[in-house]
Structures are given as structure tokens and as C-alpha cells.
Amino acid sequence: MATFLSRLGRLAFRRRGVTLLLWLLIFGGVGFAASSAPAPPADTFSMPGTESQEAFDLLTEKFPDASADGASARVVVRAPEGTKITTPVQRTKVERLVAELGTSSPQVVGVADPYKTPEISISKDGTTAYMVVTYKVPAMEVGDKAHDALDAATERAREAGLTVEAGGDAVKIEQAMGGTGEQIGILVSAFVLVLTFGSMIAAGMPLITALIGVGIGISGITALGSTLGLSGTTSTLAMMIGLAVGIDYALFIVSRFRAERAEGRTPEEAAGRAVGTAGSAVVFAGLTVIVALAGLAVVDIPMLTKMGLAAAGTVAVAVLVAITLVPALLGLAPVKVMARKGRLQYAVKPLSERKQRRAAKQAAKLAKKTKPNLGSRWASYVLRHPVAVLLVGVIGLGTVAVPAASLELGLPGEGQMSTETTQRKAYDLLSQSFGPGFNGPLMITVQAKDAKAAGDQVGEALKGTDGVASVSPATANKAGDTAILTLIPTTGPTEKKTEELVRELRDTAGDLERGTASRILVTGQTAMFIDFSQTLDDALLPYLGLVVGLAFLLLMVVFRSVLVPLKAALGFLISVAAALGAVVAVFQWGWLADVFGIDAPGPIMSTMPIFMIGVVFGLAMDYEVFLVSRMRESYAHGARPAEAVVDGFRYGGRVVSAAAVIMMSVFSGFIMEDNDFVKMIGFALAIAVLFDAFIVRMAIVPALFALLGKSAWWLPKWLDRILPRVDVEGEKLGRAQAAPPSHRERTLVG
């Protein structure tokens, strides 16, 4: 692989104009396709094989009119303090609002007048009422004029003295999806790159190539969004991951190019070796991320599969950009990419006598800087105190991981939105006036020959169940073989007691089915979310096993060792557990909630742990490969195990640290987003990178190497014969290429 990639890097370096033009054409073509594509669909949940999904499918078949995909808005009105919504004055105001909503937009089908069904739509204390506005188009097709008309009607009602808020999928979401977070991450990344390279050109290359890669990836998702059902949230997550890995992959190749040039190689040779060595590690690391993200398909949740595949596609683009576009850009500035200090010795044109003397002085100064750098000094310290460092790292991460034992999974709703949004205000008004369970009703479907009678019998039986606030009368379809009952719990949709109620209802359904000769299913959005969370919870450990097993096998092939991949996998598990513990403490328990802008701590979003495992697995393998491959390269050339560890940190420690800081800055920028899922993912990935890069890879890994010694690289002979050989370190490349050129050749060519 190293030989092939080296040839590819040299080709891109020589044909830099053509390579750059091809990528610009791809960028423009995909961008044009995205600009002319239909709007992406809204986030949807589908749970094949679950009871709630089976019931939804049944309702679509038996109640085609009721299960239409038109959007709806639930407008909640409350009378001024000291009055009731049923007084003539307030009723006039509400009826005026109903009339305005009904004629506000041609997309509106109708508005349910609360005074026609007061037992359902008006609170018992008479202060609050709600009306449902039904639209004839799905939520994503509700136009700006319809949104503006809804806002204008509710605002006029507020001016009349009513408290009016609106929820539902037809209400415009004010949350910004992306923008500020990426900008902050890019600014911090630029600062870190400048400090790392000491060159604006070198710092700019990873940023430019990462933005091009992310632009192509996100544009591709947008272009295929309506066809493949890829939502806006999918694009945001792909952007987050693609930007981070895109910067890091380019950073590794640019850094290796500079190191090869410092060893005296010509620009083209340096580009070839950089892509052959660091590029091999990039390809391997990228493949691990892609496989982990694509592996989300085994969970069998369509939404999660799409998110994983979209993000995997963006990572694939980042890898291709790193191994082709980056060497092409290096060909445009082979000298300016070097640090300003000592740049003269890499001049392409012949130097004047005065500049030659300056170059000689700069080279002499650089030659004196052979003393250990920060990375090698840290590695030496760990080698002297391996047990202490290992205990501090493991015990520290173990302590942070403790809250993960209390992990509760759930899915977000309007109750988790910002308290400043009208959706959250409407949610709170309904909870206060109609009870917390009103925002999470359960739907009971009953199939029988006489569905109406069987449904009423089931409803009477369920009314006595603990946790049930009310059960509506059964409503049968036209054929009379299926009936629907709406059950209101006494607790909110995300509370543990509601989940227990759903399980109890399903457990008792068997006895009711025998007594009423019917088939009973429990569904509704709340039940769907509970099933969704349970499915993900059940899949968490199998998916984790798949990822860890994959990591072990891939690293064993790369490093020709049993213990190196074993400790890498264990380190990954520790960092993931600690990251989950931190997420639970902040987002579920509410620690530092004000700092991170969390209005309503609650269950962790069901998709977050599995998605985080897939992403962090790839990132952990990035650091493991780039750091340990340098150690193995030194060990393979005759260095003692301890010397190999120091060499690995001398050459790779600074780059891996910079890469980790960049990853953290990109992910941390998304903590500022209003969308709770994006905020949570950003925090989880940032804290996971912190733990994995700086505690596991920088402390625990060298401590284990110190304790294991030569046995760290042990591999049974029979296994060595079976395993395929993947030259990630570029050993074959080193033997194939000639020795470094003379100083005279460097001056004339490089």
C-alpha cells in the first residue's frame, strides 16, 4: 500500500495543476447539483419489527384519512390572569383567532374549534384551551407564507390580551443548524496549525483541503437528500466529523512532508514518502472510521443507518482529498510550507553567496536543536514512572465513568427545546393545565369483529391501571374491524414511570385479548420513542463488541502484535466509558447545565451512545496508528523498546497533540448550537477526544509499553504466517527508494 500511495503522491505533486482542476470541477459540479436539488426531508423515525411500528402501519391501512402525512400545529391559548377562557369576552377573542387561522393560508385544511369539544380541548379550571390547525402538506412543505400567517395570527391574539403559544411540526423552528460552531472550530484550528507549523501556508493547507472535502460531502448529501431521505441533521453531523478528520488527515501528511524535507529529500520525493507513510496511516484510519460508521446499519434503524452512511461518505472524501489534493498543493509551495526559520536551505533556485551563508547559519542552528523536545521529555518521564502514570490515568478515567452506570436513553421532543421557543412554552402550558401526560398520549389499537364494543371494554379495563389519567371512548373505522383509544398517562413522555406504564399495558394486553377476542397494540409517539430507545439500548453492547473486535483485528494486522491491539482496544473502552459518564453528569444529571446552556436535563438521546462509539473508535485509531507506527518504525530499525517509545513521541507527539486539539475545537464549537442532539454530540466527541488522546494515548499507552518491554511486539509465528502484511510504516518504501540526495542536489532541485 505504501508503494502505491507513494506513486500516487508523486503523480499528484507533478501534475498539481490537473489535480487541482479536477477537484475544483468536482466541487463545482456537486455544488450545482445541491443547489438545484429539492429541500431535504424532515427527521423521521421508523422502527421495523417493533410493536409501535406495527401499530402505526396498521393505522395507515385502517384509518387512511387519520394517518395522512399532513402537518399540524397545536395552538394553546390562556386567558388573562383572573379570568377564564369560557367568558364571552375571551371566547370572542379565541373564536376570532380560530377564524383567522382557518383562512390564514391556502395550505390550511381546517381548525378544530375548542368550544365544540370542551371536555377535551378546555382545561378543567377553564383558563386554557387548545386548537389543532391541520395542513394538507407535510411539515417540510409548509411554506414561509403559511409560517408567517400563523405567527401573525397568534401575535394579534397576544395583542388582544391572550397568552398564545404554538407547537407541532407545522411551526417554524427557530433553531439554527450550523454556522457559529463551525466558524469557532475553524478559527481555533487555524491558531493551532500556525503554532504547530510556524508557517501560514502550511497552516492554511489543512484548512483549505478540509473545507473543500466537507463542501463536497455536504453538497452530495444535499443533492441526494430528497432521494435517499437524508435530513438536515444528517448533514450537520457529517459536517462535524468531516471537518475534524479532514483537517487532521491533511495535518499528518503536511507534517510528514516537512519531516522528509528536513532529512534532505527533494520536494517530489518528500511528497511521495509523505503520502506513502502518513498517507497509508490516513487510509487505514479513515477506513476504520468508515467501517465503524457504516456498521451502524447492523442496528437496523433506518435513520441511524442514513446518518452513519452519510458521515462515512464524507470521511471517504476527506481521505481522497488528503492523499491527492494535499500533495498537489504542496507542489505549489514546496518551500513556503516549511517553517520560516531555516527556510533558505530549502530554496529551489540557486542562492546568492550571501543567502548561502545565511542558509548555512540557519542549518547550523537547527542542527543544534537535537535536544529532546516536549514529547520526548514526557515519554521519558512516563518510562521512569510507568506504574504511577498508569494508575492515575486508569483511576481518573474510571471515576469519570461512574455516572455512565445511570445512563437513561430517550428521544428529544418539544419538552427538551429551549425555554425561549414557542414550542416549549406551548408544551409547558399544556402540562400545567392538562397534566404532564397530555403531551405524550398513548394510542391503543383494538382489532376485533365488533371493534367499537371491544374497544370500549378495553378502555374500561385500562382506566383502573396505575399511571393512567384518562382513556377516551373507542373510535372505530368505517369497516368496524379496528378501533382507536387515546390514553393519557399521569406522567410526562420522557419520565421513567411512563416507560413502565407502556410495559405494563403491553403485559396486560394478553389477558384483555383473550377476554375480548381482539388483538391489542400500544403505540403513539411516546411508545415509539420508548421502543426506539430500547432497541438502541439492546444493540449497544453488540455494536461495541463489533467495533472493538474490528479494532483488534485491524491493529494486529498493522502492528504485527497481539498486545498492542489489545491495549488499544481496552484504552478505547475506557475513554468511551469516561465520555459517557461525563455526558450523563452534564446532560442527564444537570451538572454544569448553566455553563453549557442546557434548559432541561433529561434522558440521553438514544442515538448518541452508539453514534459516539462509532466516531470515537475511528478517532482513537487515528491517534494509535500515527503514534505507535512511529514507535514500530524505530523498533524495526533496531531501537530498544524504551528508545522506540521516546522516538514515537519525539516525532509524533506534537502532531497528535495538535490534531487532538483541532478535533476538540471543531467538536466543541457545536456545543453552542441550539439543537440539543448536535449540542450533545459535540460535547461527547470533544470530551472523548480529550480523554482518548491526552490520557489514554499520551499516558496510559506509553506506560504499558514501558511495563511490557519487548513482549509488546510479540506475535506467535503461526499467526505471523497467516496475517496479511500491510506496510503502513513504509518499510518497503524505505528500502525501495535511494538514499537522500546530496546538499548540492537539494539546493538545485529542492
Side-chain angles (χ1 to χ4, degrees), residues 1-16 19-20 23 192-210 213 246-283 285-286 318-348 366 622 625-626 629-630 633 650-656 658-659 662 728-730 733-734 737-738 740-741 745-746 749-750:
M1 182 167 62
T3 304
F4 168 76
L5 289 177
S6 176
R7 292 172 181 169
L8 180 64
R10 293 171 72 107
L11 178 63
F13 185 92
R14 290 196 305 269
R15 301 288 185 264
R16 43 192 172 270
T19 304
L20 183 59
W23 276 111
V192 174
L193 288 169
V194 171
L195 289 181
T196 302
F197 288 134
S199 165
M200 294 295 292
I201 299 295
M205 283 186 184
L207 291 175
I208 292 172
T209 54
I247 294 175
D248 276 6
Y249 293 165
L251 166 65
F252 291 128
I253 291 178
V254 172
S255 177
R256 188 61 185 247
F257 173 84
R258 285 159 51 104
E260 297 295 335
R261 289 284 282 134
E263 292 181 7
R265 291 184 172 83
T266 64
E268 183 177 329
E269 288 174 340
R273 284 190 63 86
V275 177
T277 54
S280 296
V282 164
V283 171
V319 171
L320 293 175
V321 166
I323 61 177
T324 56
L325 182 57
V326 170
L329 292 179
L330 288 172
L332 297 177
V335 176
K336 291 185 178 180
V337 76
M338 307 302 294
R340 182 174 294 277
K341 293 182 179 180
R343 186 179 290 175
L344 280 176
Q345 63 177 314
Y346 304 106
V348 176
L366 291 174
D622 280 358
V625 170
F626 288 113
S629 62
R630 277 288 193 170
E633 187 174 340
R650 177 183 291 115
Y651 295 110
R654 185 180 183 184
V655 177
V656 170
I662 289 170
V728 174
E729 298 88 0
L733 184 64
Q737 291 189 343
E745 291 173 325
R746 294 200 307 268
V749 180

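Along the sequence shown, the residues carry numbers beginning at 1. Not measured: the values here are computed from a predicted model.
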Return the minimal non-hydrogen interatomic distance between [X] and [Y], and the atom names on each side.
{"X": "A250", "Y": "P206", "answer": "CB-CA, 3.6 Å"}
{"X": "R256", "Y": "A278", "answer": "CB-CB, 3.8 Å"}
{"X": "M200", "Y": "V194", "answer": "SD-CG2, 3.7 Å"}
{"X": "F13", "Y": "G331", "answer": "CE1-CA, 3.3 Å"}
{"X": "A210", "Y": "G246", "answer": "CB-C, 3.6 Å"}
{"X": "V625", "Y": "A281", "answer": "CG1-CB, 3.5 Å"}

Would you sort out whether E269 and E260 count as a side-chain contact (heavy atoms from CB on, under 4.5 Å), showing the intermediate values? CA-CA 8 Å; E269 288 174 340; E260 297 295 335; over 6 Å; no
Nearest-0.5 Å distance that lies between atom [atom1] in [X] and atom [atom2] in [Y]:
{"X": "R273", "Y": "L5", "atom1": "CZ", "atom2": "CG", "answer": "13.0 Å"}
{"X": "R261", "Y": "T266", "atom1": "CZ", "atom2": "OG1", "answer": "7.5 Å"}
{"X": "L329", "Y": "F257", "atom1": "CG", "atom2": "CZ", "answer": "11.5 Å"}
{"X": "T19", "Y": "L325", "atom1": "OG1", "atom2": "CG", "answer": "8.0 Å"}
{"X": "S280", "Y": "F4", "atom1": "OG", "atom2": "CZ", "answer": "10.5 Å"}
{"X": "I253", "Y": "L330", "atom1": "CD1", "atom2": "CG", "answer": "8.5 Å"}

Are V254 and L193 packed together at the side-chain level, in the sense that at least one heavy-atom pair is separated by less than 4.5 angstrom? no
Which one of T209, V282, I208 satisfies the side-chain contact (heavy atoms from CB on, under 4.5 Å) criterion with V326? T209
For the residue pair W23 and T324, confirm or rule out a side-chain donor-acceptor distance under 3.5 Å. yes
